[in-house]
Amino acid sequence: MSEVKMEDIVSLAKRRGFIFPGSDVYGGLSGTWDYGPLGLALKRNIMNLWWKTFVENRDDMYGVDAAILMNQKVWQASGHVDTFTDPLVECSNCKSRYRADHLEGDKCPNCGKTGTFGEPRMFNMMFKTNVGPVDDENSVSYLRPETAQGIFTNYRNVVDVFYPDVPFGIAQMGKAFRNEISPRDFVFRSREFEQMEIEYFVHPDKWEEAFKQWQDNIKGFLKQLGLEKVYEVEVPAEDRAHYSKRTIDYEYDFPHRRDELLGLAYRTDFDLMNIQKASGKSMEYRPKDGGTPFVPHVIEPSFGVERAIMAVLTSAYTEDEVNGEKRTYLKLPTHLAPVKVAVSPLLKNKPELVEKAREVYKMLKKEFGNVMFDDNGNIGKRYRRQDEIGTPYCVVIDFQTLDDNTVTVRNRDTTKQERVKTDVLISKLL
Ligand code: ATP
């Protein structure tokens, strides 16, 4: 478990405009969260980094963006209608409901009574809806509980249009929905969240090699997120999803406990074979060299965006003391920080300083994009605020700037300041 407290992360996230409870003004909606400007910037930075690393920078990856609503046959064939369930128990005393495998002992966490839980019943986590004006069995659809099936259903399209060599991957990021029995631990277990998933299609004889490569790829990506200590946990056969022949859970020390950050699974040909059976369409891949056709097997690295955000915030959250005062700051990697540089005039009531600060701000904004003009409160308050949102650099324009064209650059982590000529400022901040 991390030493960082959950309430500190939640409170900073709300106070500073990262993440707010969903529908807060109406008392909230359990398991939903809204991203404010800074949280959205952090989330986009993580998602863009993933896309760049695994799609743009590679030659063997194809991106898709499938519809969230899909034909109900998708979820029948995939097994989700029958088996995407969690064990639900209800306390006979206070009627509160829990996921049976998340309870410790038989004491109700709400009313404290023991022995009040009956036998668990299996609860399907998919959100059911109807597509179109007729409310019958044929119009039933579901909000997708994973992005993976939108990839599998486009496998044939990608193969037919792009004719990639095997191995190749299809990647998708986007929303997923699960009617979690008890959403909790901030955004860690939400009912609406985002996934970043890849199905990597390999020859059946080559899955072990590809699995190993994905372990390395994941390690590299986690490093880019600034997450050094992530535990690879081999999931024993009895705990694996029915389709998986090998799964590794990547666990992180979150504030609530050590828990799953992402998963890597060998899904065999389970999904493509199910689609082939249910749709009657061939999922075979025909090698260009005339070799024997085969249905590819699949390696699936599955990242949850919210869990990545929580891990990044937990790892970045730091408290120290500066000049005898307690300071809280987010030690975010620069490429993830919502704001890269904040620009301030030392005093906001001196027009000549404000004008010069605006000029420097414009120059940096053009170069970096995520630059903030900050003239709220005194300079100490500005530093504290920028530290809390993880801004790596604060640039301050003072009277000396007007004389010699130098500005102060303050470093978030060391709090050290140095004077830098404005004509080399961009290269200094790169
Ligand atoms: P758990 O056991 O924690 O419920 P899972 O094993 O069911 O998770 P997967 O089905 O493997 O999760 O989903 C892939 C990834 O999607 C997870 O590793 C996680 O990062 C993310 N994820 C799954 N459920 C949620 C959720 N309710 N809220 C936020 N992220 C989630």
Side-chain angles (χ1 to χ4, degrees), residues 1-25 28-47 49 183-190 192-194 225-229 252-259 261 304-342 344 370-372 374 376-394 410-415:
M1 196 162 96
S2 166
E3 280 168 16
V4 177
K5 290 197 208 72
M6 185 67 95
E7 60 262 34
D8 289 338
I9 300 274
V10 177
S11 140
L12 186 146
K14 188 170 180 185
R15 191 170 71 246
R16 292 300 180 203
F18 281 82
I19 304 173
F20 306 108
S23 313
D24 204 15
V25 73
L29 177 66
S30 175
T32 66
W33 299 91
D34 295 343
Y35 285 79
L38 301 179
L40 179 60
L42 174 62
K43 178 166 152 174
R44 289 266 159 85
N45 287 344
I46 291 174
M47 294 175 84
L49 182 68
R184 58 181 183 180
D185 304 321
F186 195 28
V187 296
F188 181 89
R189 190 168 300 286
S190 310
E192 174 175 343
F193 54 98
E194 303 224 31
L225 292 183
L227 305 176
E228 299 289 344
K229 250 178 139 186
Y252 184 75
D253 284 323
F254 288 100
H256 61 285
R257 66 181 168 101
R258 185 175 297 177
D259 212 336
L261 169 61
V305 178
E306 276 65 17
R307 293 190 186 180
I309 290 173
M310 254 189 82
V312 165
L313 287 176
T314 306
S315 125
Y317 188 92
T318 315
E319 286 176 355
D320 65 0
E321 221 174 74
V322 176
N323 302 330
E325 259 188 57
K326 195 183 130 193
R327 169 176 87 123
T328 301
Y329 70 107
L330 289 183
K331 205 172 181 171
L332 291 170
T334 303
H335 58 275
L336 296 185
V339 178
K340 184 184 168 87
V341 193
S344 301
N370 55 345
V371 178
M372 186 189 274
D374 187 1
N376 272 328
N378 64 33
I379 200 75
K381 280 211 178 109
R382 286 178 219 160
Y383 284 156
R384 266 202 296 284
R385 187 168 51 244
Q386 295 299 336
D387 282 346
E388 275 207 328
I389 66 172
T391 306
Y393 303 107
C394 288
R410 175 191 179 266
N411 182 297
R412 174 196 68 200
D413 300 343
T414 61
T415 72

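FYI, side chains are in, hydrogens and waters are out, and symmetry mates aren't considered; it's all heavy atoms of this structure.
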Residues forming a ring pair (Phe, Tyr, Trp, His ring centres under 6.0 Å) with Tyr383, sequence neighbours excluded: none
Would you please name every residue forming a side-chain hydrogen bond (donor to acceptor under 3.5 Å, both in side chains) with Asp185, sequence neighbours left out? none
Flag the pair Glu194 / Lys43 as yes when at least one side-chain heavy-atom distance between them is below 4.5 Å, and no otherwise. yes
List in chain and number order the residues that pass side-chain hydrogen bond (donor to acceptor under 3.5 Å, both in side chains) with Asp320, two or more places apart in sequence or in another chain; answer none if no residue qualifies. Arg327
Quick one: are Ile379 and Ser344 in side-chain contact, heavy atoms under 4.5 Å? yes
Report the residues that fulfil side-chain hydrogen bond (donor to acceptor under 3.5 Å, both in side chains) with Lys340, sequence neighbours left out, ordered by chain and then residue number. none
Ring pair (Phe, Tyr, Trp, His ring centres under 6.0 Å) with Phe193: which residues, sequence neighbours excluded? none
Got a sec, which pairs hit salt bridge (charged side-chain N to carboxylate O under 4.0 Å, His left out) with one end in residues 4-13, sequence neighbours left out? none
Minimum side-chain heavy-atom gap Arg385-Arg15 below 4.5 Å: no
Look at the rings of Tyr252 and Phe254 and say which category their plane angle falls in: under 30° parallel, 30 to 60° tilted, over 60° perpendicular. perpendicular
Could you tell me which residues satisfy salt bridge (Lys or Arg N to Asp or Glu O under 4.0 Å) with Lys381, sequence neighbours excluded, listed by chain and number? none
Partners passing side chain to side chain contact (heavy atoms under 4.5 Å, CB included) against Ala316 (at least two apart in sequence or in another chain): Leu330, Leu332
Pairing residues for Thr328 by the side chain to side chain contact (heavy atoms under 4.5 Å, CB included) criterion, not counting sequence neighbours: Leu12, Tyr317, Glu319, Lys326, Glu388
Can you name the residues that form a side chain to side chain contact (heavy atoms under 4.5 Å, CB included) with Pro37, not counting sequence neighbours? none
side-chain hydrogen bond (donor to acceptor under 3.5 Å, both in side chains) filter on Arg258, not counting sequence neighbours, yields Tyr231, Asp253
Residues forming a side chain to side chain contact (heavy atoms under 4.5 Å, CB included) with Glu192, sequence neighbours excluded: Lys175, Phe177
